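All values derive from a computational prediction rather than experimental measurement. Quick note: numbers below take in every heavy atom, side chains included, and nothing from hydrogens, waters or symmetry partners.
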Amino acid sequence: MKKLFSLKVFIGILAFIPLTVFTQTDTVNTLEEVVVTGTKTSRLITKSPEMVQVITRSQINELKPSSTGEILEYFFGINVEGGTGSGLPNREIISMNGMPANYSLILIDGNRLLSEHIHTGQNINLISPESIERIEVLKGASSSQYGSDAMGGVINIITRKASEKPEAFLALKSGSYNTYSSSIGIATPINDKLKIAAFANWEQSDGYPITKPAHRVDQLGYVYQTFLANSEYRFSEKSVLNSSIFFSENRMAIREVPSYGRLTLPFFEYKRKISNNLDASIKFKYSDW
């Protein structure tokens, strides 16, 4: 009797397994289409041969980050490093795939973000979280497209652009060590041809109260400000002019001597659609640190 009962239980389990497998494989998940641009050509993320991760504006709003470096801490395979050094204390750099930070390339709308420290990577905190539309992370060796400084990977920060409806925001923050920050932005269409967006950020702090080295004690206070503006002018359905400028300035004391740093990144691009399968573009980029 016991053997017969065990046989019935075993048969019942076998009969249930196919039903379970069918129920799981019958589920279909539809994902929102995402176009990535960090691959140097705009394409659907599902058609990109590289390993790409994307964090969107809505996800950034849910995180409520205090800095852009804090956003990137949520990506797998990325290490966010901060420190004082001899530069801006509010400085965070990115290392990817176990490689040093100077092998991780940071882009703003596809344009290289220069580093004030040639051997230590680019300061990701120069860009305020409020001005970001999405972040694309390309893992793996992208040096074939961007050069040897992208062997660890590429992070492309896409800034917010104007849509069909006007948008504006104001953010005020405060923290430890007399740290205060404010951000303001607006994105709006001017007419049926022109759209503009502009963002400004300002922050000051007394810095960390460290005890070593001696020449850095009470020398970690800083003030920095950034400004970002972009525009889109559409001549026709087939031709458009995109332009942007990113400006950052920081000030702090090193060995009791005021030190200044300024970064300027202007960009212009004219695009024209020749046919359904052919586009032509002319770009101008300039970087000055």
Tell me whether I106 is reachable from W289 by hopping between hydrophobic residues (I, L, V, M, F, W, Y) whose side-chain heavy atoms are closer than 4.5 Å. yes

Atom CG in L228, atom CZ in R160: separation rounded to 0.5 Å? 11.0 Å

Before you tell me yes or no, could you show the steps for E269 and L241 under side-chain contact (heavy atoms from CB on, under 4.5 Å), namely the whole-Å CA-CA distance, both residues' side-chain angles and the distance that decides it to 0.1 Å? CA-CA 6 Å; E269 179 185 29; L241 175 65; 6.0 Å; no

One pair to check against side-chain hydrogen bond (donor to acceptor under 3.5 Å, both in side chains): S183 and N201. What are the steps and the verdict? CA-CA 4 Å; S183 300; N201 176 253; 2.6 Å; yes

Can you confirm whether I132 sits close enough to I127 that some side-chain heavy atom of one is under 4.5 Å from a side-chain heavy atom of the other? yes

Over all heavy atoms of both residues, which pair between P129 and S66 is shortest? Give the atoms and the distance, please. CG-C, 4.4 Å

State yes or no: do F227 and L126 share one hydrophobic cluster built from I, L, V, M, F, W and Y residues joined by side-chain heavy-atom distances below 4.5 Å, directly or via other members? no

Checking the side chain of N191 only, and the main-chain atoms of K193 only, is there a donor and an acceptor separated by less than 3.5 Å? yes

Are any side-chain N or O atoms of T226 and backbone N or O atoms of S248, one a donor and one an acceptor, separated by less than 3.5 Å? no

Go through it in stages, so that I can follow the logic: the residues are Y74 and Q59, the test is side-chain hydrogen bond (donor to acceptor under 3.5 Å, both in side chains), and I'd like the CA-CA distance, side-chain angles, deciding distance and then a yes or no. CA-CA 11 Å; Y74 290 88; Q59 292 172 317; over 6 Å; no

Flag side-chain contact, heavy atom, 4.5 Å: E203 against T179: yes

Do I190 and I196 come close enough that some side-chain heavy atom pair is under 4.5 Å? yes

Would you say F76 and Q53 make side-chain contact, with heavy atoms under 4.5 Å? yes

In the hydrophobic clustering (ILVMFWY, side-chain contacts below 4.5 Å, transitive), which residues join F284, or is it alone? F268, Y286

Spell out, as yes or no, whether a donor-acceptor pair under 3.5 Å connects the side chain of N111 to the backbone of S244. no

List the steps, then state whether salt bridge (Lys or Arg N to Asp or Glu O under 4.0 Å) holds for K64 with E62. CA-CA 6 Å; K64 296 180 175 60; E62 292 177 0; over 6 Å; no

Between atom OG of S239 and atom CD1 of I274, what is the distance when rounded to the nearest 0.5 Å? 9.5 Å

Determine, for R234 against E232, whether the closest basic-nitrogen to carboxylate-oxygen distance falls under 4.0 angstrom. yes

What do the steps show when you test F247 against L265 for side-chain contact (heavy atoms from CB on, under 4.5 Å), and what is the final call? CA-CA 6 Å; F247 174 80; L265 297 173; over 6 Å; no

Evaluate whether atom CZ of F267 has more than 12 neighbouring non-hydrogen atoms of other residues, nucleotides or ligands under 6.0 angstrom away. yes

Rounded distance [0.5 Å steps], CG in L107 versus CG in L113: 8.5 Å

For the hydrophobic clusters of this structure (ILVMFWY residues joined by side-chain heavy atoms under 4.5 Å, transitively), does one cluster hold both V52 and V154? yes

Measuring from Y270:OH to S281:OG, what's the distance to the nearest 0.5 Å? 11.0 Å

Is there a side-chain contact between N178 and Y180 in this structure, where contact means two heavy atoms from C-beta onward sitting under 4.5 Å apart? yes

Under a 3.5 Å distance rule, please check whether N125 uses its side chain to pair with a backbone N or O of S67 as donor and acceptor. no

Carboxylate-amine/guanidinium contact K173 E130, below 4.0 Å: yes

State plainly whether the residues D149 and R112 are in salt-bridge range, i.e. N to O under 4.0 Å. yes

If the condition is ring-ring contact (aromatic ring centres under 6.0 Å, His included), which residues does F199 pass it with, not counting sequence neighbours? F169

Please answer: with hydrophobic residues joined when any side-chain heavy atoms are less than 4.5 Å apart, are M96 and I108 in the same cluster? yes

Pairwise side-chain contact, I60 with P65, heavy-atom cut-off 4.5 Å (strictly under): yes

Could you grab the distance from atom CG of L172 to atom OG of S182, nearest 0.5 Å is fine? 6.5 Å

Could you tell me the separation between the CZ atom of F75 and the CD1 atom of I94, rounded to the nearest 0.5 Å? 10.0 Å

Within 6.0 angstrom of K238 NZ, more than 12 heavy atoms from elsewhere: no

If I compare all heavy atoms of S231 with all of L194, which pair ends up nearest, and what's the gap? CB-CD1, 4.4 Å

Taking it one step at a time, do R57 and E133 satisfy salt bridge (Lys or Arg N to Asp or Glu O under 4.0 Å)? CA-CA 5 Å; R57 179 70 240 172; E133 177 63 29; 6.0 Å; no

So, the side chain of N79 versus the backbone of S95: is there a donor-acceptor pair under 3.5 Å, distance only? no

Under 4.5 Å between any side-chain heavy atoms of I124 and Q122, yes or no? no

Does the side-chain contact (heavy atoms from CB on, under 4.5 Å) test come out yes or no for L63 and I55, once each step is laid out? CA-CA 11 Å; L63 293 175; I55 187 167; 3.7 Å; yes

Partner of D109 under salt bridge (Lys or Arg N to Asp or Glu O under 4.0 Å), picked from K161, R134, K283, is K161

Would I71 and I135 satisfy side-chain contact (heavy atoms from CB on, under 4.5 Å), going step by step from the backbone distance to the final call? CA-CA 9 Å; I71 300 174; I135 300 178; 3.9 Å; yes

Hey, any chance I155 and F246 share a hydrophobic cluster, counting ILVMFWY side chains that come within less than 4.5 Å of each other, even indirectly? yes

